[in-house]
2 protein chains.
Amino acid sequence: MTQTDSAVRDVEYDPGLAGAAAAGRTWHDVKQKLRSAGLRPTRQRLLLGWILFGKGDRHVTAEMLYEEATREKLRVSLATVYNTLHQFTSAGLLRRVAVDASRAYFDTNTSAHHHFFVEDKDDLVDIVANDPLIGWIPVPPEGYEVAGVNVVVRLRRKR
Amino acid sequence: MTQTDSAVRDVEYDPGLAGAAAAGRTWHDVKQKLRSAGLRPTRQRLLLGWILFGKGDRHVTAEMLYEEATREKLRVSLATVYNTLHQFTSAGLLRRVAVDASRAYFDTNTSAHHHFFVEDKDDLVDIVANDPLIGWIPVPPEGYEVAGVNVVVRLRRKR
DNA sequence: TTACGTGCAAATAATTTGCAGTCCC
DNA sequence: GGGACTGCAAATTATTTGCACGTAA
């Protein structure tokens, strides 16, 4: 049975930023989150953290986050955005998703889940399902362990 | 049941370049392959095709292929390597694999299958299994169709 | 011949780094 | 005050492009 033969079932998919406003997280929460991750709550980390974690699950590139930050209140440099994204990722607050070989996406949802990638919109969307897509994980070669599983279902607009 | 709870079974994994020598493909075969893909068999396409398809399944980046070509016989420019990889991919002779957000990998095995990625060696390895990893594919949102599924199991050297 | 390919070098794009100045604890 | 952080600009890395020249059909 090949992958293409596999059964296809209905699944809810995450509507993107819907519900963003609903997920209220206070400024104080962000500060706590940073502290408990061992990161000093500086002005720019708080701002970026606020943008990232204050509005529900998000998928961003460095450029997107930089523009959003600039559009908002505080001045942040692009380099700092990159640094901060990496610091947040090492601290386990973000998860890096490999979608294509050009840009890096960061996901505020760090739990095990997978993604749709909408090709013509460069849009990354959580796959929300009750049953796991992956039924089993192959045993890695001697001396290695599984560091993570990345599943991206690429979507194309129907002709 | 989360991804981490999933069952783990034994699986053969592709030994990399082992069997490379065995997969004899003649120069004539490569020429045929190019022609039937609608690509004019030029000197550099033949060379690159020979390297790619003459030695069994391979996973290469542009840089790797360029170095290998240079080390061999003919002079090819890096730009031509990039162009050729893309032409081969559009023609369906190669498949692009998104592993990390920095380099693009190309796989000579265009059938549906998935990969291990060995982090510290930047090495991509086919997952060869009898049962599919993915049991089902979620139904995409209205107006979209699935263009492809990319699964990468990231491996880390055991501490 | 003649459109398709190729090489080269310059242009982009995404990301990282070095270092002087700034800011939390 | 001192080390942790940040900004900026310059450096890297991966990839693409423009254009004069070469070559398979």
Side-chain angles (χ1 to χ4, degrees), chain A residues 27-28 30-51 59-70 73-91 93-94 96-106 122 124, chain B residues 27-28 30-51 59-70 73-91 93-94 96-106 122 124:
Chain A
W27 206 60
H28 184 258
V30 176
K31 192 176 263 183
Q32 284 305 302
K33 194 170 177 117
L34 292 182
R35 278 196 205 284
S36 54
L39 293 173
R40 195 188 280 180
T42 64
R43 215 182 311 176
Q44 23 285 329
R45 282 185 183 157
L46 282 171
L47 170 73
L48 297 179
W50 171 255
I51 294 178
H59 304 91
V60 300
T61 63
E63 199 67 42
M64 287 166 53
L65 185 55
Y66 174 66
E67 278 173 23
E68 193 164 342
T70 304
K73 13 202 166 181
L74 190 64
R75 175 181 306 288
V76 200
S77 79
L78 183 55
T80 298
V81 171
Y82 274 103
N83 290 335
T84 304
L85 283 172
H86 290 152
Q87 291 152 358
F88 282 11
T89 302
S90 318
L93 302 180
L94 291 178
R96 198 175 181 152
V97 184
V99 181
D100 58 22
S102 59
R103 271 171 305 193
Y105 278 78
F106 294 85
D122 281 9
L124 198 60
Chain B
W27 206 61
H28 183 258
V30 176
K31 192 176 264 182
Q32 284 304 302
K33 195 171 178 116
L34 291 182
R35 278 196 205 285
S36 52
L39 293 172
R40 194 188 281 179
T42 64
R43 216 181 313 177
Q44 23 284 345
R45 282 183 183 159
L46 283 171
L47 170 73
L48 297 178
W50 170 255
I51 293 178
H59 304 90
V60 300
T61 63
E63 199 67 42
M64 286 166 55
L65 184 54
Y66 174 66
E67 277 173 25
E68 193 165 343
T70 303
K73 12 202 165 181
L74 190 63
R75 175 180 308 286
V76 201
S77 79
L78 183 55
T80 297
V81 171
Y82 274 102
N83 291 333
T84 304
L85 283 173
H86 291 152
Q87 291 153 359
F88 282 11
T89 301
S90 318
L93 303 180
L94 291 177
R96 197 175 181 152
V97 184
V99 182
D100 58 23
S102 60
R103 270 169 306 191
Y105 278 78
F106 294 85
D122 281 7
L124 198 60

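Residue numbers start from 1 in every chain, and the chains themselves are labelled A, B, ... in the order their sequence lines are given, proteins ahead of strands. Computed from heavy atoms alone, side chains included, the values below leave out hydrogens, waters and symmetry copies.
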For side-chain contact (heavy atoms from CB on, under 4.5 Å), just list the numbers for L85(B) and Y66(B), CA-CA rounded to whole Å, side-chain angles, deciding distance to a tenth of an Å, and then say yes or no.
CA-CA 11 Å; L85(B) 283 173; Y66(B) 174 66; over 6 Å; no
Taken in chain and number order and not counting sequence neighbours, the residues that satisfy side chain to side chain donor-acceptor pair (under 3.5 Å) with T42(B) are none
Side chain to side chain donor-acceptor pair (under 3.5 Å) partners for Q87(A), two or more places apart
R45(A)
Partner of Y105(A) under side chain to side chain contact (heavy atoms under 4.5 Å, CB included), chosen from D122(A), L94(A), V60(A)
D122(A)
With sugar-phosphate taken as primed atoms, P, OP1 and OP2 and all else as base, the protein-contact string of nucleotides 19-25 of chain C at under 4.0 Å (heavy atoms; B, S, -) is ----SBS
Name every residue in residues 81-91 of chain A that has at least one heavy atom under 4.0 Å from any atom of DNA chain D, in order of residue number, or write none if there are no such residues.
none
To the nearest angstrom, how far is [X] atom [atom1] from [N] atom [atom2]?
X      : N       : atom1 : atom2 : value
L78(A) : dA14(C) : CG    : C1'   : 9 Å
Y66(A) : dA13(C) : OH    : P     : 16 Å
L34(B) : dC4(C)  : CG    : P     : 17 Å

Could you walk me through whether L93(A) and K33(A) satisfy the side-chain contact (heavy atoms from CB on, under 4.5 Å) test, starting with their C-alpha distance in whole Å, then the side-chain angles of each, then the deciding distance to 0.1 Å, before giving a yes or no?
CA-CA 8 Å; L93(A) 302 180; K33(A) 194 170 177 117; 3.8 Å; yes
To the nearest 0.5 Å, atom CG of L65(A) lies from atom CG of L48(A) at 5.0 Å
State the CG-CG distance between D100(B) and D100(A), to the nearest 0.5 angstrom.
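Between D100(B) CG and D100(A) CG, I get 11.0 Å after rounding to 0.5 Å.
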Specify the angle, to 10°, made by the local axes at the two ends of the helix from dT1(C)-dA25(D) to dC25(C)-dG1(D) when five pairs are taken at each end.
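Between the axes fitted at each end of the helix from dT1(C)-dA25(D) to dC25(C)-dG1(D) lies an angle of 30°.
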May I have the step-by-step check of side-chain contact (heavy atoms from CB on, under 4.5 Å) for F88(A) and L34(A), ending in yes or no?
CA-CA 9 Å; F88(A) 282 11; L34(A) 292 182; 3.6 Å; yes
Are [X] and [Y] packed together at the side-chain level, in the sense that at least one heavy-atom pair is separated by less than 4.5 angstrom?
X      : Y      : answer
M64(B) : E68(B) : no
R96(B) : H86(B) : yes
W50(A) : L46(A) : no

Using chain B heavy atoms and a threshold of under 4.0 Å, write down where along DNA chain D the contacts begin and end, 5' to 3'.
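Extent of the interface on DNA chain D: dA14(D) to dA25(D).
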Using a heavy-atom cut-off of 4.0 Å across all strands, would you classify S102(B) as base, sugar-phosphate, or nothing?
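Sugar-phosphate, backbone atoms only, no base.
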What closest approach, in Å, do A91(B) and L39(B) show between heavy atoms, and which atom pair accounts for it?
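Scanning both residues completely, I find the closest heavy atoms to be CB-CD1, 4.1 Å.
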Exercise: identify the closest heavy-atom pair between I51(B) and A69(B):
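The answer is CD1-CA, 3.7 Å.
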Just N and O in the side chain of R45(B): are any of them under 4.0 Å from OP1 or OP2 of dT6(C)?
yes
